[in-house]
Every structure is written in C-alpha cells, then in structure tokens.
Amino acid sequence: MLRAADQPLPVLCLAGPTGSGKTELALQLSRRLGCEVINTDSRQVYADFPIICAQPRPEELSQCPHHLYGKLKIEEKISAGQWCSMAEDCIREVLRRGHVPLLVGGTGMYFHTLLHGMAPIPAIDPRLRAQLEARVESEGPEKLHAELGAIDPDYAIRIHPHDRQRIVRALEVAAQTGHTLSWWHAQKSLQSPRAQGPLFVFQAPMTWLEPRLKRRIDQMLEMGALEEAQKAYTLCADGEAPGWSAIGCAELLAFLQGRLSFENCLALWYQNTRAYAKRQNTWFRGRKEAIFFPAEASDQFLSQAEDAWQNLCAQSLGNASGGRHA
RNA sequence: GCCGAGAUAGCUCAGUAGGUAGAGCGGGGGCCUGAAAAGCCCUGUGUCAGCAGUUCAAUUCUGUUUCUCGGCA
C-alpha cells in the first residue's frame, strides 16, 4: 500500500433532497463505473420501513451491491458517529473489491462527518443524557443554557437558549469527558476526514419537486405503505422509538392510533415531506465543496462523476488497488 | 319561516370598556460538529362580511342586508 491507513478513502458522493431521483441516478452511474452503493440516509438504515423511507426497491437493489440499508430495528438508535464508522468499514471493503464506493442519500450531516471528520468524543452514558433532559424539562432550557455559558461560553453563544437538543449535548459531553464541546471541536488533528471525493448535489427547485413528492406518497400507498406501518406497529408500539420518527411513519402511526383522520394524515405527511426537502436544499446550498447539477442534466452528472473518479484514482491511489480502468 | 350564535391574516381563532388589531398553524427565509427525515431562529397591513346611522373618531355601539352554524317549525 502506498497510503497510510488513516489516509482519506476515495469516494463519490451523491446527495440531494428527498424525491429528487438519487436512487435511479446512482444505478446509472453504477452501470458505467461499477459502483457499490452505500446508504447515506439516517432513516433508510431502518429495516421495517423500506417503502415509507424510500429505500431502493428489490429490483433496484439487485442491480448492484447496496450497503447499510435496512439494518436496524425500530427501537435501535443510530447516530452520525455510528453511521460514519460503519460507512468507513464499508468503503474499505468496496475498495478492496476494486469497486467504486458511491455514497447516496439525503442526510447532510452524514456526508459532513465522512468528508470532514468528527471529534473523537466517546459515547455518552444514556443515563446522563436522560438526567439532563429531565432537568431541561423541569427547569427550562434557558437555565441550562446559562450553565453552559459558564463552562463553555464559546459554544453557548453559538446556540440559541431554546435549543434543548444542543444544550443537552454540550452539557453531557462536558460532564462526562471533562472537556467542553468547544475544546473537542478545536482538536483538528484528532478529526481528519475519513473519505475524500466530490459531493455531487442534485439541485431540485421546490416547484419541480412538489408534484413529485405528492405523487410519491400516492405510490408509496399503492406499494403498501399503510400495511408496512401496521406491521411495524405490531413489532413496536412505542411511537417514541427512534425508527418511528421518519416522515410518513409518524403520520401513519398517528392515523393508526386514531389521532389523525386518514385525510389529515396524508396532508401532514406531504407537508412535512415538503418542509424537509426545503431544509435539505438549504443545508446543501451552504456547502462550499458541493458540485451542483440541475435536475434535468443527469448525463452531465454521469460524465462529471466519471472524470472525478479517474482523477481521484490518479491522485489518491496511484497504482494501488481500488482504481478501475476505463 | 321563527329564535339563538357567528362572520377578524391562506386556515383555526383571540381581541379592542370606540383611537384602524394579534396568537397558533401554514407560507417565506435561515442556522446546523455524534437525535440531523431531528432540533432551533427570524418573518404577520388584513376593505376586522356589505350598507347606513351615532361620534372628532367605528373592526368595536345601533339599525339593516347577505352568508354560515345550531334549535324550533
């Protein structure tokens, strides 16, 4: 091997808002380059919602190897860190087989962890988090935000006093590790990127996306989304479980529990999907490293991705394994 | 037909002891370092149903018309 073990691994990344056609494009690229697709979506890792979370369908999965899809039970938690190390292992194996690791999904932060690295913060004791969450509940977020201000003013100033999630995160890290989040984040030498490669982002304006999102919900229902939710409900009736938090799942659960009419369930489902797509667009728009390409120009993407991979191989792998010659 | 209750932001509604109005949701914009399909922030002028009257001043009071929802016929 020419490269040290911690050298960033060469990858191709395909991101974009939900429903923009990433799955299909990934398969097209795979036909050209010989890819293995690695899921970069925080909800498609769950096993019991393949339809509602828009995992690739069986006939799509069979076209090339796919990884990290449908792995977790509804009660199991995933985090960006866990995903990142699973993805890293996966990428290594794909490269070893001489294939192209193609990361496909819509979870911006997951791409970020892989391409920019993460602070090696140890796992936090869930009881500690539960305690802090209870305190936020009873004492109010402002109080804990003020406490955070006393120990980690740099981070406190960056987050809003109402941002319970981040306040709890910062406090639990400080309490358990003895170092503040700011300190961890400043340790740049400890968080080198796990992978390197172009981040292609499917640019999909909302006016183009809206009808597709609407249609897709109907298609999901035709494919058995409701039955999928019913079945999942028998496996796990706890609506608070991590797997239920996906858009579509939460709304169908509310319907199954009689908290929503079917009509309102569908309306909410669409509304939340749309809002999510907007948030994704906002996230990706802000990425400096992103290479955008418009919805119609899939051939443009395919040739760009192909070129990018050749360059990556030349520059980062030399004649080591992992390259594929055109 | 009669009797009640309504008519205020895209939706659901609050309010003004008369000085032209505000919440939630939606919509729009943004943030994002281990829950990220999560979490969080910013953003509200609308003939206050129409017409007439009282008044310096009416969305607010009075009359009337229209419409909606109940009840009685």
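Each chain gets a letter, A, B and so on, in the order the sequences are listed, and its residues count up from 1.
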How are the rings of A:F111 and A:F284 set to each other: parallel, tilted or perpendicular (split at 30° and 60°)?
perpendicular
So A:Q44, base contact, sugar-phosphate only, or nothing? Heavy-atom distance under 4.0 Å.
base
Can you list, by chain and residue number, the hydrophobic cluster partners of A:L181 when the side-chain cut-off is 4.5 Å?
A:I121, A:I124, A:L128, A:L132, A:V136, A:L144, A:L148, A:I151, A:Y155, A:I159, A:I167, A:V168, A:L171, A:V173, A:W183, A:W184
Verify, without hydrogens or angle tests, whether A:E60 (side chain) and A:R57 (backbone) share a donor-acceptor contact under 3.5 angstrom.
yes
For RNA chain B, which residues in residues 200-213 of chain A have a heavy atom at a distance below 4.0 Å?
none
Evaluation steps, side-chain hydrogen bond (donor to acceptor under 3.5 Å, both in side chains), between A:R216 and A:T18
CA-CA 10 Å; A:R216 198 172 64 152; A:T18 187; 2.7 Å; yes
Under 4.0 Å, heavy atoms only, any strand: does A:R169 hit a base, just the sugar-phosphate, or nothing?
base
Less than 4.0 Å between a side-chain N and a carboxylate O, is that true for A:R164 and A:E137?
yes
A:H116 and A:E289: side-chain hydrogen bond (donor to acceptor under 3.5 Å, both in side chains), yes or no, with the steps?
CA-CA 11 Å; A:H116 298 276; A:E289 75 269 38; 2.9 Å; yes
I'd like the 5' and 3' limits of the part of RNA chain B contacted by chain A, with heavy-atom contacts below 4.0 Å.
B:G26 to B:C41
Identity of whatever pairs with B:C51 - Watson-Crick or G-U, under 3.5 angstrom
B:G63
Taking atom C1' in both B:A23 and B:G18, what distance in whole Å separates the two?
23 Å
Under 6.0 Å from the ring centre and within 45 degrees of the ring axis: does the NZ or CZ of A:R287 meet both conditions for the six-membered ring of A:W283?
yes
